[in-house]
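Worksheet for the structure shown next.
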Amino acid sequence: MDADVSESADPPGDSDGPGAGSKDVPAAGRDADGPGAGADGGGPAANPDASRGRHWPRWTALGASLVVLAAAGVGSWLYRKLDANIKTDTSAAAELRVYERERPATVVRDAENILLIGSDTRAGDNRAYGRDDGGSQRSDTTILLHLAADRESVTAISLPRDLMVEVPVCHRPGGAATKKQFAQFNWAYQFGGTACTIRTVEKLTGIRIDHQMVVDFNGFKDMVDAVGGVEVCLKKPVDDPDARLKLPAGRQKLDGEQALGYVRARKSIGDGSDTERMDRQQQFLGALVNKMQSDGVLLNPTRLYPVLDAATKSLTTDPGLDSLSDLYDLVRELRDVPTDKVQFLTVPRQPYGPDPNRDELVQPDAKQLFGRLRADAPVTVVPADRIERDDRKNLNGDNGKNSGKTNASADTPGAASPNPTPTYSGNNAAVDPCRR
C-alpha cells in the first residue's frame, strides 16, 4: 500500500542521493574574482566596497550549495531507513517457483493483482492482542486488489476467512508437506504461509497473483495514527472490552488503537457476522484512502513520511515489491485514481450447506466476477441498499440477497447494451459512511 511523491517521474532518493548537487558546488564556489575578473583584466579591484559586494553572491551561492548537499544527505538517509524497514519473503517466492507450471498465466499485460493479507499472529509486538499459541497464525483479513491496466480504477475484493475452498498441497516452514484438502480459506495461511494462501487464491479464482503484502496489527494502527485518525459513523454505541473499544454513537474520529478494534470486532457491532465485519473493513479502508487523497498526504513528503515509516515497518512483501522505489512507483500510479473508482466488494457467497457458520461461493456469479478481473473488464459496485431496492422492484427476477450481485442494469427498461457490466454490492472510497 515515496520519500518524495512529487510530479517527477524519478523515484525518491535518485535525485537527492549521496553526491546530489555535486555538479553545482564548483560553480557556486568558483572564484568570481579570478583571472580576468577585475576591471583591469587581472589585479584586485581598486574599490574595496565594490570588492566586498562582489563577494556576497559567491558566499551566498556557496551557502546554498551546502544546504542542498545537507538536504540531499538527509533525503538519502531517510530513503535508506524506509527501504530497510521492508521485509522480503523469499521463502514464498521459492515455493511459488516450485509450482510455477500450475499457476495461472497473465492475461492482460499491464494489469496487476496484489494479495493483501492481514496477519492475526500474536507473536512479538502483537502478543497484546491475544495469546501466542506457539507462533501459529491465520489470515485474519485477505483482500485481492486488482489494478486496472490503465490505472484508472482499483477493485478490492474481500475473501471471507470462513470460505470453504480446496487448499492445495503446501509446505510448512520446516519443509513437511501438507495434504490437499477441503478446508476453510484462512487455514491455508496456517498450513503454508503466504505461498499457500496465494496458490489457494489462484486455484479458486484463476487469477495470477503478481505481488503480495502482509501487514500485521501494529502496522495498521500506526498508519491510522500517522494520518491523524480516520472518521467513521456508528449507528449505536460500542462497548467491547475484547476489542478495547468503547465509543458513543455518531461520527467518530478513530485513532490507531480504536481503528484496529473497530475493524476486528464482530459480536459487539451490528449482527456479529463476519459478513458485516468485512463490510465495515471495506468502508474503513475507503475512508482511509479518502483521507490520504483529500488531505494531500500522498503529495506532501512531510506528511507522507510518517505514513511510509509506519507502513514499511510492518510490511512483508515479495522480492518484486520490497524496495521503497517499487512502492513509490505503485503509489505514483494510483494517487490520481478518483476515489469513486476505488471500489470495495466481497466475493459473492452464501452460507455453506453442511455448516451455515461457513461460506461457499455463489455460482455463476463468482465465476463471472473472477473472469472479468482476469480480463481486466469493468466491474460496477453499488451500495447494498440500492440492490435491496432493486430486488423489491423485481428487477432481477431473483432475490439476489445471498450473492451480493444484481443484474438491474440488464433488466432496466431501455437498457441498450446486450452485455451490460454486472453490478455487485459494495462501496467506493468516495462514500461518506455517515451519509449512507
Side-chain angles (χ1 to χ4, degrees), residues 1-2 80-104 106 112-127 129 132-147 156-159 161 165 167-178 185-205 207-220 222-223 308-331:
M1 247 254 244
D2 284 340
R80 290 195 300 269
K81 180 179 183 296
L82 292 174
D83 195 61
N85 284 344
I86 305 170
K87 296 178 285 294
T88 308
D89 188 350
T90 55
S91 61
E95 177 84 353
L96 291 173
R97 282 195 295 270
V98 172
Y99 295 97
E100 178 60 36
R101 291 186 178 183
E102 299 179 9
R103 302 185 65 195
T106 299
E112 281 193 295
N113 297 290
I114 302 175
L115 198 65
L116 307 179
I117 301 174
S119 169
D120 71 349
T121 178
R122 303 308 200 275
D125 292 339
N126 290 329
R127 59 182 176 272
Y129 300 101
D132 179 10
D133 54 358
S136 68
Q137 54 186 343
R138 297 179 186 173
S139 51
D140 188 66
T141 300
T142 304
I143 295 176
L144 175 58
L145 191 67
H146 176 76
L147 315 181
I157 302 176
S158 295
L159 300 173
R161 61 183 185 179
V165 298
V167 179
V169 173
C170 297
H171 288 90
R172 298 183 184 276
T178 63
F185 172 69
N186 69 336
W187 285 14
Y189 195 69
Q190 182 181 11
F191 291 160
T194 304
C196 192
T197 301
I198 290 174
R199 292 180 58 228
T200 300
V201 171
E202 290 183 339
K203 287 183 176 295
L204 180 71
T205 65
I207 297 172
R208 172 89 176 200
I209 302 301
D210 301 297
H211 300 290
Q212 77 266 7
M213 296 182 180
V214 180
V215 182
D216 67 23
F217 294 158
N218 278 289
F220 173 81
D222 289 347
M223 282 187 63
L308 292 176
D309 190 41
T312 54
K313 281 180 179 177
S314 63
L315 192 63
T316 302
T317 76
D318 62 280
L321 205 59
D322 66 345
S323 73
L324 193 60
S325 62
D326 292 329
L327 294 178
Y328 167 82
D329 289 340
L330 182 63
V331 171

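As the structure is a computational prediction, the values presented were derived from the model and not from experiment.
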message: What verdict does the side-chain contact (heavy atoms from CB on, under 4.5 Å) test give for I86 and L327, after you've listed the backbone C-alpha separation in whole Å, the side-chain angles of each residue and the deciding distance to 0.1 Å?
response: CA-CA 10 Å; I86 305 170; L327 294 178; 3.5 Å; yes
Can any side-chain N or O of [X] pair as donor or acceptor with the backbone N or O of [Y] at less than 3.5 Å?
| X | Y | result |
| --- | --- | --- |
| D89 | T316 | no |
| R103 | I209 | yes |
| D210 | N113 | yes |
| D216 | S314 | no |
| R208 | T106 | no |

field: Residues forming a side chain to side chain contact (heavy atoms under 4.5 Å, CB included) with N85, sequence neighbours excluded
entry: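 Scan of N85 (side chain to side chain contact (heavy atoms under 4.5 Å, CB included), adjacent residues dropped) gives K81, L82, D309, T312, K313.
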Say you draw a straight line from [atom1] of [X] to [atom2] of [Y]; how long is it, rounded to the nearest 0.5 Å?
| X | Y | atom1 | atom2 | result |
| --- | --- | --- | --- | --- |
| I198 | I207 | CD1 | CD1 | 13.5 Å |
| L145 | E112 | CG | CD | 9.5 Å |
| H171 | C196 | NE2 | SG | 10.5 Å |
| Y328 | L308 | OH | CG | 11.5 Å |
| T197 | F191 | OG1 | CZ | 10.5 Å |
| L321 | H211 | CG | NE2 | 5.5 Å |

On a heavy-atom basis, which atom in [X] and which in [Y] lie closest, and how many Å separate them?
| X | Y | value |
| --- | --- | --- |
| L115 | L144 | CD1-CA, 4.1 Å |
| D83 | S323 | OD1-CA, 3.2 Å |
| V169 | Y99 | O-OH, 3.9 Å |
| P168 | K203 | CB-CE, 3.5 Å |
| V167 | A188 | CG1-CB, 4.1 Å |

Counting C-beta onward and ignoring hydrogens, is there a side-chain heavy-atom pair between [X] and [Y] closer than 4.5 Å?
| X | Y | value |
| --- | --- | --- |
| N186 | T142 | no |
| V214 | Y189 | yes |
| T178 | R172 | yes |
| T200 | F185 | yes |
| I114 | L147 | yes |
| L159 | I143 | no |
| E202 | E102 | no |

- request: Would you mind checking if E100 and R199 are paired as a salt bridge, meaning a charged N to carboxylate O distance below 4.0 Å?
  value: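 No, this pair does not count.
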query: Side chains of T90 and T88: donor-acceptor distance under 3.5 Å anywhere?
result: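 Per modelled atom types, T90 and T88 side chains form no pair under 3.5 Å.
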